[in-house]
Amino acid sequence: MTLENEIHVVVKAVIEAEEKVLIVKRSDDDEIGAGTWEFPGGKIEFEEEIEAALIREVKEETGLSVTVDHILYATSFFTDPLRKVVLITYFCQSSSSDVLLSEEHSNYMWVLKEEMRNLLPVAILGELEKVKFLQSLSVNQ
Ligand SMILES: Nc1nc2c([nH]c(=O)n2[C@H]2C[C@H](O)[C@@H](COP(=O)(O)OP(=O)(O)OP(=O)(O)O)O2)c(=O)[nH]1
């Protein structure tokens with residue numbers, strides 16, 4: 001297979017606990033998006049069920065055991081000229097907010113709407129805007 005035909009399928013979780021949402025910061029030495037805030041998640045393994053992959057990745061990256069609620073959006077983009085990503089983001093719930101980060105991330109925050117707007121990259125905020133996600137959160141946030 002040539003590099004040009006390689007497509008990575010990535011699943012991400014918008015995790016809600018105690019009316020806040022978890023964002024994580026990519027490590028400063030990451031080849032892709034170093035130092036940027038995002039939602040936890042990662043690549044699915046071939047033949048792995050999508051929701052199982054999401055639960056596995058979230059556990060690896062945050063230590064949290066999540067319940068997958070519903071899909072928020074799916075999108076596709078290049079992370080560099082030869083690397084294509086298909087990314088699916090789900091809304092999830094966690095009963096715990098005790099996060100244990102892996103080496104992939106340098107920081108985490110449980111945030112309200114305004115902090116999400118301030119910290120997440122415009123590409124992610126644009127997708128959330130399309131599905132009116134921030135408006136769907138509790139008015140108290
Ligand atoms: N354009 C766009 N980029 C996004 C969205 N969500 C999201 O996480 N990203 C960015 C953050 C990362 O820079 C990139 C995904 O990185 P990646 O393909 O290496 O996947 P990953 O690190 O999660 O996978 P893994 O190595 O942990 O298995 O996509 C989105 O909705 N739109």
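We count ligands from 1, going down the list as the structure has it; atoms in each ligand are counted the same way. The residues of the chain are indexed from 1 along the displayed sequence.
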**Student:** Counting heavy atoms only, which part of His8 comes closer than 4.0 Å to ligand 1: side chain, backbone, both or neither?
**Tutor:** neither
**Student:** For ligand 1, which is the ligand I care about here, please tell me if Thr36 has any N or O atom under 3.5 Å from one of the ligand's N or O atoms.
**Tutor:** no
**Student:** Are side-chain heavy atoms of Gln135 and Lys113 found at a separation under 4.5 Å?
**Tutor:** no
**Student:** For Glu61, counting its heavy atoms only, list the atoms of ligand 1 lying under 4.0 Å from any of them.
**Tutor:** 27 (O)
**Student:** What protein heavy atom lies closest to atom 24 (O) of ligand 1? Include the residue and the distance to one decimal.
**Tutor:** Lys43 NZ, 3.2 Å
**Student:** To which protein heavy atom is atom 12 (C) of ligand 1 closest, and what is the distance rounded to 0.1 Å?
**Tutor:** Arg26 NH1, 3.4 Å
**Student:** Just to be sure I read this right, does ligand 1 sit under 4.0 Å from the backbone of Asp30, its side chain, both, or neither, counting only heavy atoms?
**Tutor:** neither
**Student:** Output the list of atoms in ligand 1 that are nearer than 4.0 Å to some heavy atom of Ile32, sorted by atom number.
**Tutor:** 13 (O), 19 (O)
**Student:** Return the closest protein heavy atom for atom 17 (P) of ligand 1 as residue, atom name and distance.
**Tutor:** Arg83 NH2, 3.8 Å
**Student:** Starting from atom 4 (C) of ligand 1, which protein heavy atom do you reach first, and at what distance in Å?
**Tutor:** Phe77 CZ, 3.5 Å
**Student:** Are Leu72 and Phe77 linked, directly or through intermediate hydrophobic residues, by side-chain heavy-atom contacts shorter than 4.5 Å (ILVMFWY only)?
**Tutor:** yes
**Student:** Give the numbers and elements of all ligand 1 atoms closer than 4.0 Å to a heavy atom of Gly41.
**Tutor:** 23 (O), 27 (O)
**Student:** Might you confirm whether atom CD of Glu31 has over 12 heavy atoms from other residues, nucleotides or ligands at distances under 6.0 Å?
**Tutor:** no
**Student:** Quick test: of every protein heavy atom, which one is nearest to atom 5 (C) of ligand 1, and how far off is it to 0.1 Å?
**Tutor:** Ile124 CG1, 3.4 Å
**Student:** Under a 4.0 angstrom heavy-atom cut-off, which atoms of ligand 1 come close to Val85?
**Tutor:** 18 (O)
**Student:** With a 4.0 Å cut-off on N to O distance, would you call Arg56 and Glu48 a salt bridge?
**Tutor:** yes
**Student:** To check your reading of the model: name the closest protein heavy atom to atom 20 (O) of ligand 1, its residue, and the distance in Å.
**Tutor:** Val10 CG2, 3.8 Å
**Student:** Do Glu114 and Asn118 come within less than 4.5 Å of each other through their side chains, counting heavy atoms only?
**Tutor:** yes
**Student:** Do Glu127 and ligand 1 have an N or O pair less than 3.5 Å apart?
**Tutor:** no
**Student:** Side chain, backbone, both or neither: which applies to Tyr73 and ligand 1 if a contact is any heavy-atom pair less than 4.0 Å apart?
**Tutor:** side chain
**Student:** Hey, which of Ile50, Ile15, Val66 is the one that makes side-chain contact (heavy atoms from CB on, under 4.5 Å) with Tyr90?
**Tutor:** Ile50
**Student:** Which of the numbered atoms in ligand 1 are under 4.0 angstrom from any heavy atom belonging to Lys12?
**Tutor:** 8 (O), 23 (O)
**Student:** Testing the basics here: between Lys25 and Gly35, what is the closest heavy-atom pair and its distance to 0.1 Å?
**Tutor:** CE-O, 3.2 Å
**Student:** Does Glu60 CD have over 12 foreign heavy atoms under 6.0 Å away?
**Tutor:** yes
**Student:** Which atoms of ligand 1 sit under 4.0 Å from any heavy atom of Glu104?
**Tutor:** 27 (O)
**Student:** Could you tell me which atoms of ligand 1, counted from 1 in the order shown, lie closer than 4.0 angstrom to a heavy atom of Glu38?
**Tutor:** 8 (O), 11 (C), 12 (C)
**Student:** Does any part of the side chain of Cys92, heavy atoms only, come nearer than 4.5 Å to the side chain of Asp69, both counted from C-beta?
**Tutor:** no
**Student:** Out of Ile23, Val21, Thr36, which residue meets the side-chain contact (heavy atoms from CB on, under 4.5 Å) rule with Leu120?
**Tutor:** Ile23
**Student:** Which of the numbered atoms in ligand 1 are under 4.0 angstrom from any heavy atom belonging to Leu87?
**Tutor:** 5 (C), 6 (N), 7 (C), 8 (O), 9 (N), 31 (O)
**Student:** Test Trp110 against Val99 for side chain to side chain contact (heavy atoms under 4.5 Å, CB included), laying out the working first.
**Tutor:** CA-CA 10 Å; Trp110 287 100; Val99 173; 3.8 Å; yes
**Student:** Are the side chains of Met116 and Leu137 in touch, meaning some heavy atoms are under 4.5 Å apart?
**Tutor:** yes
